[in-house]
There are 2 protein chains.
Amino acid sequence: MNTADAAIETIHREMTAFARRARASAGRLHPELSLVSYTLLGHLEDVGGCRATDLAAHYALDKSTVSRQVSALERAGLVERRTDPQDQRVQVLHLTPAGMEILAQVTASRRVAFRERLAGWPEEDLRQFAGYLLRYNAAGGTRRVTAAAGD
Amino acid sequence: MNTADAAIETIHREMTAFARRARASAGRLHPELSLVSYTLLGHLEDVGGCRATDLAAHYALDKSTVSRQVSALERAGLVERRTDPQDQRVQVLHLTPAGMEILAQVTASRRVAFRERLAGWPEEDLRQFAGYLLRYNAAGGTRRVTAAAGD
DNA sequence: CTGTTCTGGTTGCATAGTACAACTAGTAGT
DNA sequence: ACTACTAGTTGTACTATGCAACCAGAACAG
């Protein structure tokens, strides 16, 4: 096995390990904002508003799932829907001030944990690692959910 | 927020996105073996047999959850329980030949999916990405189901 | 021994998250 | 106008999960 294959093996194993831990501990840290909700809010903040369909594509979720999640977030007053004047079907989602507030709180408390975990990493490595993850997820992310998605 | 914090945010978000997709596509690709079941089988193979309680501790799952998962795996003929003669309460779990077979199949197909997804990455990037993931997962240790784990 | 406490495991119940399919409504192409 | 497509919602079913109550065996104190 060459070096590239070995690296792929490692990526496979480590990503899977992470996935299983994420699964095991999901939702325990911030009961007030589930993992799903948090990531959806985070994405909204990142891109500054997008459609439900975009969220579904990014997280490889069914549109019905996103629809329900968004409904819950709206009921909680964390996001608002603005119908796109250009296309009546589309509801552009935006964080509300309350949504930004909660997102900031959870982010702050969680950053402590992540800082600890990533303590000692040179900033350059952090940036590069983030870049790789973006690239990996983008490879199949916004488009069709193909075999390799997260597996 | 400085660039290191921004990178940490991105790392968390993208790792989470990955975890979510992993779970979704694992279910679609291998309906016969969920991500959880897969990791449980993998662990059994790794350690060569252990108790349900050990699995629960290792993955920070409730013992009831493990109990049910193991029941399903047993019904599917992938694991077998051997009552410990030293302690009648204990059921030592072992992979059956069928379990090993399926585990090998799923592992192989996941590896293929990974290769496809990472096709076109320069070898140097693969190497570095793998290194970052190792470092990240190692930071939390095999066990330490606290904050940073996956959430 | 006997009673109490501990431990491994199962089961009843409630909940979250999810997919799929059927549906509504709005848009675009011919 | 007719058709095909797209965004989103709702009905339904299923899985994974945790918690609490429980059972059975083990360990230990007297």
Side-chain angles (χ1 to χ4, degrees), chain A residues 19-40 49-76 79-93 143-145 149-150, chain B residues 16-17 19-40 49-76 79 81-93 145 149-151:
Chain A
R20 127 199 132 214
R21 275 189 230 156
R23 184 66 186 139
S25 65
R28 269 178 234 178
L29 189 52
H30 302 289
E32 76 278 11
L33 195 62
S34 80
L35 177 66
V36 191
S37 301
Y38 177 80
T39 56
L40 294 185
C50 69
R51 305 172 306 165
T53 294
D54 299 330
L55 292 177
H58 189 78
Y59 293 107
L61 291 169
D62 191 80
K63 58 183 181 169
S64 67
T65 300
V66 173
S67 171
R68 282 181 244 263
Q69 292 289 336
V70 168
S71 292
L73 289 173
E74 190 191 28
R75 265 198 307 282
V79 305
E80 63 178 8
R81 306 156 130 124
R82 300 181 197 157
T83 302
D84 183 347
Q86 252 64 53
D87 185 339
Q88 301 294 113
R89 295 169 303 179
V90 171
Q91 301 170 352
V92 183
L93 306 170
R143 302 182 41 93
R144 167 91 182 94
V145 182
Chain B
T16 302
R20 303 183 47 69
R21 287 211 285 253
R23 189 169 160 278
S25 64
R28 281 195 276 275
L29 270 182
H30 306 285
E32 77 282 7
L33 199 59
S34 76
L35 181 64
V36 178
S37 299
Y38 173 72
T39 57
L40 293 185
C50 68
R51 305 172 306 164
T53 294
D54 298 332
L55 292 177
H58 193 81
Y59 294 112
L61 292 169
D62 192 80
K63 58 183 181 169
S64 66
T65 300
V66 173
S67 171
R68 281 182 248 262
Q69 291 288 337
V70 168
S71 292
L73 289 173
E74 189 191 29
R75 267 197 307 280
V79 305
R81 306 156 129 124
R82 302 182 197 156
T83 302
D84 183 347
Q86 252 65 53
D87 185 338
Q88 301 292 111
R89 296 170 301 179
V90 171
Q91 301 169 352
V92 183
L93 306 170
V145 189
D151 186 19

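Just so you know, these numbers come straight off a predicted model, no measurement behind them.
Residues B/T83 and B/Q88 share a closest heavy-atom pair of CG2-O, 3.7 Å. Closest approach of B/G49 and B/V92 over heavy atoms only: C-CG1, 4.3 Å.
To the nearest angstrom, C1' of C/dA16 lies 16 Å from CG of A/D62. D/dT9 atom C1' lies 13 Å from atom CZ of A/R75, rounded to whole Å. Distance CG (B/L61) to P (C/dG8): 16 Å, rounded to an integer number of Å. Between the CG atom of A/L55 and the P atom of D/dT6 there is a distance of 19 Å, rounded to whole Å. The CG-P distance, from A/D54 to D/dT6, rounds to 14 Å in whole Å.
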Which pairs would a plain distance check flag for residues 60-72 of chain A, meaning a side-chain donor or acceptor within less than 3.5 Å of a matching protein atom at least two apart in sequence or in another chain?
from  : atom 1 : to    : atom 2 : distance (Å)
A/D62 : OD2    : A/S64 : N      : 2.9
A/D62 : OD2    : A/S64 : OG     : 2.6
A/S71 : OG     : A/S67 : O      : 2.9

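For the atom pair B/C50 SG and B/L55 CG, the distance stands at 4.0 Å (nearest 0.5 Å). The distance from the NE2 atom of B/H58 to the OG1 atom of B/T53 is 14.5 Å, given to the nearest 0.5 Å.
Only B/K63, B/S64, B/S67, B/R68, listed by number, bring a heavy atom of residues 63-73 of chain B to less than 4.0 angstrom from any atom of DNA chain C. Within residues 82-91 of chain A, the residues having any heavy atom closer than 4.0 Å to DNA chain D are, in order of number, A/R89, A/V90, A/Q91.
Under the rule for a side-chain hydrogen bond (donor to acceptor under 3.5 Å, both in side chains), the partners of A/E74 that lie at least two apart in sequence or sit in another chain are A/R81. With sequence neighbours excluded, no residue forms a salt bridge (charged side-chain N to carboxylate O under 4.0 Å, His left out) with B/D84.
One finds a side-chain N or O of B/T53 lying less than 4.0 angstrom from the OP1 or OP2 phosphate oxygen of C/dG9.
Remark: side-chain polar atoms of B/Y59 are not paired, donor with acceptor, to backbone N or O of B/D54 under 3.5 angstrom.
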